[in-house]
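Counting starts at 1 for both ligands and their atoms, following the listed order.
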Amino acid sequence: MTLLHDPVTRTQAYFAGTWHALPRTFEVRHPGTLESLGAVADCGPDDARHAIDAAERAFTGWRAVTPHGRGEILHRWNGLLLAHREALARLMTLEMGKPITETRGEVDYAAGFVRWYAEEAGRLGGERLPSRAAHKRAMTAQEPVGIVYAVTPWNFPAGMITRKAAPALAAGCVMILKPAEQSPMTALYLAELWLEAGGPPDTLQVLPASDAAAFTAPLMEDLRVRKLTFTGSTAVGRLLYGQAARTIKRASLELGGHAPFLVFADADLERAAAEVVASKFRNAGQTCVSTNRVYVQREVAQPFTEILTRLTAALTLGDPLLDSTHVGPLVEQASLDKIGRQVEDALARGARATVGGGVRDGLYFQPTVLADVAPDSLIMREETFGPVAPVTTFGTEEEALALANASEYGLAAYAYTRDLGRAWRLADRLEYGIVGINDGLPTAGAPDAPFGGVKNSGIGREGGRWGMEEYLSTKFISMGIG
Ligand code: SIN
């Protein structure tokens, strides 16, 4: 099977009103086999400048379309995403190796945001305020912030785009999007469907680029670009946040995570272990909200680890294009190297692998459970982004909370307990943007939920009404009535 020129692939950039095949290209490879999928147009700083000029023109027209009219186009986009479900799922699996059963679910997830914001568009409005002066009337209006620069990751090539683009477009903003180098084709496919749905030219421009820093510079310097939205590493987020400060752009940053999963002795151990597996091994662990460290109350550590080991051993590692596969390859060699280093470090500090523990071949890392992990191991501090579940123990609730909160990150945390009082105490005291109590997948399939973190996990929220507010600015209008 040759994957080059597979009918689902896309290679031309979309900006300034047209599709561009550029002289400079970069290769996109399927991580399952490292075969080439095609050479994608590689945009540079001049292309970014053209995109800003085009976005400025498009914004004038798009903000004038009624919110209801914008919602209608979003509704059609949602319909097209679902109609192209199989092709989009295949393309995502080819680009970044997520198992096909999961990428089908991701198309539904991505379309869910589009549908939710299609409906939300028509609810935009303002408020009438009581004025302190009898001769004045006061009100607020919600206005689109303007041109948005979005930088999206490869781990959810469609979902992380629509979670940003749908509220931005519904609000009346226009977007310039730089997709991850590993998954630009999915982004181009989404732009194609947006235009087919009736999205006006240049309201959603997609410019793949291999030199992110050079491409991004003109966008960050330009005062006309009013908002940055980024999902990716904390290191890059910090850099972009600094650059955004120069022109006081609004910023939403969805950065790294290091989710703790607490299992108390009173928990349903079978269910808790199944949810660790679901949270840890989906997308081969390459999810910001994936469980990164498992803390189990000492008296149930042995039975819990046995269940977790059994469930993990039952996962099929293999070709992500097959329906029978649970865990696919990692996206690139650097991920494999990092995971290997973390596992070696944990083993050297006394941990043992109860299942898995190493590389199979190519970019495939075996689904792994590590028991007796020393709390100061690298894997208990550094984001893993891979299929390894390190387990360690705690004694008391206070100790569990202290361990869970001792992190620079604050994206998602999970806890399993049947004690109602404890459940509330944990929900209150876990220092995270998302807390799942007896729920290892709190944001799955939930376009209406606020997604985002605290501390070094970022600022702002995506999803629900909070996601829309990120793209709106409040104007105060005071009117003298004589
Ligand atoms: C992420 O990894 O940032 C996205 C996870 C999700 O939406 O469930």
Side-chain angles (χ1 to χ4, degrees), residues 81 89 92 95-99 101-117 150-167 177 179-180 182-183 186-187 190 229-237 240 252-261 275-292 327-328 330-332 335 383-387 409-414 432-436 439-464 466-467 470:
L81 292 173
M92 285 191 270
E95 284 193 296
M96 47 69 70
K98 186 184 292 188
T101 50
E102 285 189 47
T103 49
R104 285 188 192 117
E106 183 175 341
V107 179
D108 297 341
Y109 185 49
F113 289 108
V114 176
R115 180 170 169 188
W116 205 87
Y117 287 108
V151 182
T152 54
W154 50 264
N155 65 338
F156 285 80
M160 294 308 96
I161 291 177
T162 59
R163 195 158 79 182
K164 297 176 189 307
L177 169 69
Q182 296 86 344
S183 60
T186 305
L190 296 185
T229 173
F230 170 72
T231 296
S233 72
T234 298
V236 175
L240 290 171
S252 336
L253 306 169
E254 205 267 275
L255 309 176
H258 202 269
F261 195 121
E275 297 239 316
V276 169
V277 169
S279 155
K280 175 73 258 184
F281 297 108
R282 75 175 171 130
N283 198 14
Q286 301 170 114
T287 302
C288 305
V289 291
S290 274
T291 294
N292 211 118
V327 181
L330 294 160
V331 76
E332 60 194 6
S335 312
E383 191 171 33
T384 303
F385 244 56
Y409 296 109
L411 185 55
Y414 312 99
Y432 288 83
I434 301 164
V435 174
D439 184 0
L441 299 167
T443 53
D448 48 347
F451 189 107
V454 297
K455 299 198 255 182
N456 282 347
S457 289
I459 50 167
R461 293 292 178 268
E462 295 188 327
W466 303 272
E470 301 283 342

Judged by atom type as modelled, is there a donor-acceptor pair below 3.5 Å linking the side chain of [X] to the main-chain atoms of [Y]?
X: Thr234; Y: Asn456; result: yes
X: Glu102; Y: Pro99; result: no
X: Ser279; Y: Ser290; result: no
X: Tyr117; Y: Gly464; result: yes

Just wondering, do Phe451 and Leu411 contact through their side chains at under 4.5 Å, heavy atoms?
yes
Note every protein N or O atom lying under 3.5 Å from an N or O atom of ligand 1, pairing the names and giving the distance.
unit_1, atom_1, unit_2, atom_2, d
ligand 1, 2 (O), Asn155, ND2, 3.2
ligand 1, 2 (O), Cys288, N, 2.8
ligand 1, 3 (O), Glu254, OE1, 2.8
ligand 1, 7 (O), Tyr109, OH, 2.6
ligand 1, 7 (O), Arg163, NH1, 3.0
ligand 1, 8 (O), Arg282, NH2, 3.0

For Ala110, side-chain contact (heavy atoms from CB on, under 4.5 Å) partners two or more places apart
Ala158, Thr162
